[in-house]
Amino acid sequence: MNASLPTTDPQYRCGFVALVGRPNVGKSTLLNTLVGAKVAIVTPKPQTTRNRIIGIKTLPQAQLIFVDTPGIHRHPGSLLNQRMVEAALYVLKEVVVVVNKIDLVSRTALLPLLERLATLLPERDIVPVSALTGENTAELLNTIIAALPVSPALYPSDELTDQSERVLAQEVVREQLFLHTQQEIPYATAVVVEEFSEKPEKQLLLIRAVIYVERSSQRAIIIGDRGSRLKQIGQAARLQLEAFFGCKVFLELFIKVAKGWTNNLAMLKELGL
Ligand code: GDP
Ligand code: MG
């Protein structure tokens, strides 16, 4: 399994997509249709009160990360709830209005409805679809992609069956980054595990992770004098991972500068990843 991220395209788009609407309007059906068969449905985390990733669609030109936003339906009480609602509202800033179940109505009935919606919501893209038959859902996908920020993909393009182990590896690297650098550095970084593969013939685990930073100055800080800091981070993380997985770990760390990364990073934090 080689899970490289399609990050080379400078026009690549990636972002979070929430399907918001009343029960029964067809959100789950639409998610399944949009995400398609060859997609990773990330196992829901036990904390049901937080936003969760419910599906990822990786295309040659974009990656869509579908999230559940339970926060939108709650009253802000605790700080955590407030942050959840903020996250949900952040998601809502760019909304595409979807009119679903168009297979149930005739064209002549649909057109006046769409015209009325367009008058009511002149700022919004309005896309009629049938989640059930798939009619016009390719158009919807393109409309959503156009609304996503330019950003490298956040997840590998393969299925995330080993999601929890990847997350663990991410967390271990992130923790060592935190311990070896000043406070502002961890907040400007995101760790993405690009490859996580067992090499039974060598009895080792190969883990390749990218540390994304926003500026080249941050990159220099993490690398340290002649690479000394990055080496310390890598060694400490490797020892922890070896202890956890009970085998030799070959840990490769790369640092990439990704400008405009903050929005996605902030959202990742909200997601607790
Ligand atoms: P959710 O509660 O918003 O997640 O809605 P679901 O996806 O569970 O769908 C509710 C019901 O609407 C189910 O019986 C679906 O089969 C049906 N449904 C969803 N999308 C369509 C559609 O485009 N056309 C038709 N005819 N039924 C749909
Ligand atoms: Mg549903």
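Start at 1 and go down the list; that is how both ligands and their atoms are numbered. Bear in mind that the values here come from a model prediction, so they are computed numbers and not experimental data.
- Under 4.0 Å from ligand 1, heavy atoms of Asn24 appear from its side chain as well as its backbone.
- By the neighbour-count criterion of 12 heavy atoms within 6.0 Å, atom CD of Glu198 is sparsely surrounded, having that number or fewer from other residues, nucleotides or ligands.
- Of the heavy atoms in Asn100, only side-chain atoms (C-beta onward) come closer than 4.0 Å to ligand 1.
- Between Leu30 and ligand 1, not a single N/O pair is under 3.5 Å apart.
- One finds no salt bridge joining Glu214 and Lys256 here, because no Lys/Arg side-chain nitrogen approaches an Asp/Glu carboxylate oxygen to under 4.0 Å.
- With respect to Glu135 and Arg107, a salt bridge is recorded, a charged nitrogen being found less than 4.0 Å from a carboxylate O.
- Close approach to Leu104 involves these atoms of ligand 1, each under 4.0 Å from a residue heavy atom: 26 (N).
- Residue-ligand proximity, Thr29 to ligand 1, at heavy-atom distances under 4.0 Å covers atoms 6 (P), 7 (O), 9 (O), 15 (C), 19 (C), 20 (N).
- Counting heavy atoms of neighbouring residues, nucleotides and ligands inside a 6.0 Å radius, atom CD of Glu123 does not exceed 12 of them.
- Ligand-side atoms of ligand 1 in range of Lys27: 1 (P), 2 (O), 3 (O), 4 (O), 5 (O), 7 (O), range being under 4.0 angstrom from any heavy atom.
- Summarising the local packing, CZ of Arg229 is surrounded by more than 12 heavy atoms from other residues, nucleotides or ligands at distances under 6.0 Å.
- The Val25 neighbourhood of ligand 1 comprises atoms 3 (O), 5 (O), with distances under 4.0 Å to a heavy atom of that residue.
- Residue-to-ligand polar distances place Leu132 within reach of ligand 1: an N/O pair is separated by less than 3.5 Å.
- The CZ atom of Arg13 lies 11.0 Å from the CG atom of Leu64; values are rounded to the nearest 0.5 Å.
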